[in-house]
K.L.:
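There's a structure below that I have some questions on.
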Amino acid sequence: MRLLATIGALAIVFGIGIAVFFFGGYYSVAGTAEDPAVVTWALTKVRVASINRHATDNPPASFGDNNMVQAGAKAYASNGCANCHGAPGVMWLKYSEGLHPDPPDLKKVAGDLSPSQVFWIIKNGINMTGMPSFELAGAKDDEIWSIAAFVKKLPMVSEADYKSWTASAEPKQ
Ligand code: HEC
């Protein structure tokens, strides 16, 4: 009995301690706060597992053909992806270096993601990071598939191609 009472008392003290830490303002929400390695590890594991489980839509038959990739490049430019992720011959905007976690260079990660995973990420965004949901921002599925096709092709897209494919792109309002 005494042991159980001690465990119960400790649990209450621990609970109060956690509440004071978070609700008393001791936890820092600063974007500059370094995450402990275990938090970064856990967040990455959770993100990858969640995307693996949720990304189940199959790409359309035309996925990856030239027209789709070029339309995707234009949609990538007009949706503002390059502001955060950069593009061939286009530097990301400086402010994106202040995001935490920071946006990856997509041509380096495109090979690790399947077409449906890229589609799912663009459509839904990644909660509590700077990665927006483009469905919430008004993009339709076929536009999102075209962007995904372009992202998968990114490692092979030259600066000249990107420039000509996006020459008439206007930022979305
Ligand atoms: C405001 C900045 C911002 C914009 C605009 C943005 N992203 Fe992101 N994106 C991020 C951030 C930050 C992450 C990293 C999230 C994380 O680490 O979990 C990310 C992650 C991603 C990933 C996952 C990378 C990986 O390693 O799993 C993909 C794919 C992606 N973005 C594609 C796009 C595309 C395509 C667009 C445009 C339609 C876009 N993003 C627009 C900030 C942005």
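Counting starts at 1 for both ligands and their atoms, following the listed order. Worth knowing before you read on, the calculation uses all heavy atoms, side chains too, and leaves out hydrogens, waters and symmetry mates.
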K.L.:
Assess P104 for proximity to ligand 1: is some non-hydrogen atom of it under 4.0 Å away?
P.N.:
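Contact present.
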
K.L.:
Please give me the minimum heavy-atom distance between D161 and S158, naming the atom from each residue.
P.N.:
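In terms of heavy atoms, the two residues are closest at N-OG, 3.1 Å.
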
K.L.:
When only distance counts, is Y76 in polar contact with ligand 1, meaning an N/O pair under 3.5 Å?
P.N.:
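N/O-N/O distance under 3.5 Å: no.
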
K.L.:
For P132, take its heavy atoms, then give the atoms of ligand 1 lying under 4.0 Å from any of them.
P.N.:
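By the 4.0 Å cutoff, the relevant atoms are 3 (C), 4 (C), 6 (C), 7 (N), 43 (C).
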
K.L.:
Kindly check if the number of other-residue, nucleotide or ligand heavy atoms within 6.0 Å of CE (M91) is above 12?
P.N.:
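Buried by this count: over 12 neighbours within 6.0 Å.
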
K.L.:
Using a 4.0 Å cutoff against the non-hydrogen atoms of I147, which atoms of ligand 1 qualify?
P.N.:
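It comes down to these atoms of ligand 1: 35 (C).
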
K.L.:
List the steps, then state whether side-chain hydrogen bond (donor to acceptor under 3.5 Å, both in side chains) holds for S168 with K74.
P.N.:
CA-CA 8 Å; S168 62; K74 201 171 162 190; 3.2 Å; yes

K.L.:
Under 4.0 Å from a heavy atom of G80: which atoms of ligand 1 are those, numbered in the order shown and with their elements?
P.N.:
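Near G80, the atoms of ligand 1 are 5 (C).
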
K.L.:
Is it the case that more than 12 heavy atoms not belonging to F22 sit under 6.0 Å from its CZ atom?
P.N.:
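Yes, the 6.0 Å shell around CZ holds more than 12 heavy atoms from other groups.
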
K.L.:
Looking at every heavy atom in both C84 and Y95, which two are closest together, and how far apart are they?
P.N.:
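The pair with the smallest heavy-atom distance is SG-OH, 4.0 Å.
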
K.L.:
Between H100 and D35, does any side-chain donor sit less than 3.5 Å from a side-chain acceptor?
P.N.:
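Yes, a side-chain donor-acceptor pair sits under 3.5 Å.
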
K.L.:
Identify, for atom 27 (O) of ligand 1, the protein heavy atom at the shortest distance, and state residue, atom and that distance.
P.N.:
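The answer is L113 CD1, 3.9 Å.
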
K.L.:
Just go through A137, C84, A77 and tell me whose heavy atom is the nearest to atom 43 (C) of ligand 1.
P.N.:
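The option holding the nearest heavy atom is C84.
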
K.L.:
Fit a plane to each ring of W145 and F119, take the angle between them on a 0 to 90° scale, and name the class: parallel (under 30°), tilted (30 to 60°) or perpendicular (over 60°).
P.N.:
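Geometry flag for F119 against W145: parallel rings.
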
K.L.:
Just which atoms of ligand 1 are under 4.0 Å from any heavy atom in G130?
P.N.:
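So the answer, numbered in order with elements, is 1 (C), 2 (C), 3 (C), 12 (C), 42 (C), 43 (C).
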
K.L.:
Taking a cutoff of less than 4.0 Å between a non-hydrogen atom of the residue and any ligand atom, is L99 in contact with ligand 1?
P.N.:
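Under 4.0 Å: yes for L99.
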
K.L.:
Could you list the atoms of ligand 1 found under 4.0 angstrom from a heavy atom of P101?
P.N.:
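By the 4.0 Å cutoff, the relevant atoms are 12 (C), 16 (C), 17 (O).
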
K.L.:
Return the closest protein heavy atom for atom 29 (C) of ligand 1 as residue, atom name and distance.
P.N.:
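Residue, atom and distance for the closest contact: L106 CD2, 3.9 Å.
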
K.L.:
Start with the C-alpha gap between D142 and K140, add the side-chain angles, then the distance that decides, and say whether salt bridge (charged side-chain N to carboxylate O under 4.0 Å, His left out) holds.
P.N.:
CA-CA 6 Å; D142 51 353; K140 296 279 173 271; over 6 Å; no

K.L.:
For atom 15 (C) of ligand 1, grab the closest protein heavy atom and report residue, atom and distance to one decimal in Å.
P.N.:
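In this structure, atom 15 (C) of ligand 1 has T129 OG1, 3.7 Å as its nearest protein heavy atom.
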
K.L.:
Using the side chain to side chain donor-acceptor pair (under 3.5 Å) definition, which of the options T56, D112, N52 pairs with Q117?
P.N.:
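Output: one option passes, namely N52.
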
K.L.:
Taking the inter-plane angle between the rings of F21 and Y26 on a 0 to 90° scale, is it parallel (under 30°), tilted (30 to 60°) or perpendicular (over 60°)?
P.N.:
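Aromatic pair F21/Y26 classed parallel.
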
K.L.:
What protein heavy atom sits nearest atom 22 (C) of ligand 1, and how far off is it?
P.N.:
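Its nearest protein heavy-atom neighbour is I121 CG2, 3.7 Å.
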
K.L.:
Quick check: does H85 put an N/O/S atom under 2.8 Å from atom 8 (Fe) of ligand 1?
P.N.:
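Given the 2.8 Å cut-off, H85 counts as a ligand of atom 8 (Fe) of ligand 1.
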
K.L.:
Below 4.0 angstrom from a heavy atom of C81, which ligand 1 atoms are there? Numbered from 1 as shown, please.
P.N.:
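Those atoms are 34 (C), 35 (C), 36 (C), 37 (C), 38 (C), 39 (C), 41 (C).
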
K.L.:
For atom 17 (O) of ligand 1, what's the nearest protein heavy atom and its distance?
P.N.:
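Scanning the protein heavy atoms, the shortest distance from atom 17 (O) of ligand 1 goes to R47 NH1, 3.1 Å.
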
K.L.:
L113 pairs by side chain to side chain contact (heavy atoms under 4.5 Å, CB included) with which of V151, I121, V48?
P.N.:
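Considering V151, I121, V48, a side chain to side chain contact (heavy atoms under 4.5 Å, CB included) with L113 is found only for I121.
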
K.L.:
Quick check on contacts: which atoms of ligand 1 are under 4.0 angstrom from a heavy atom of I122?
P.N.:
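Contacts of ligand 1 toward I122, numbered from 1: 35 (C), 38 (C).
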
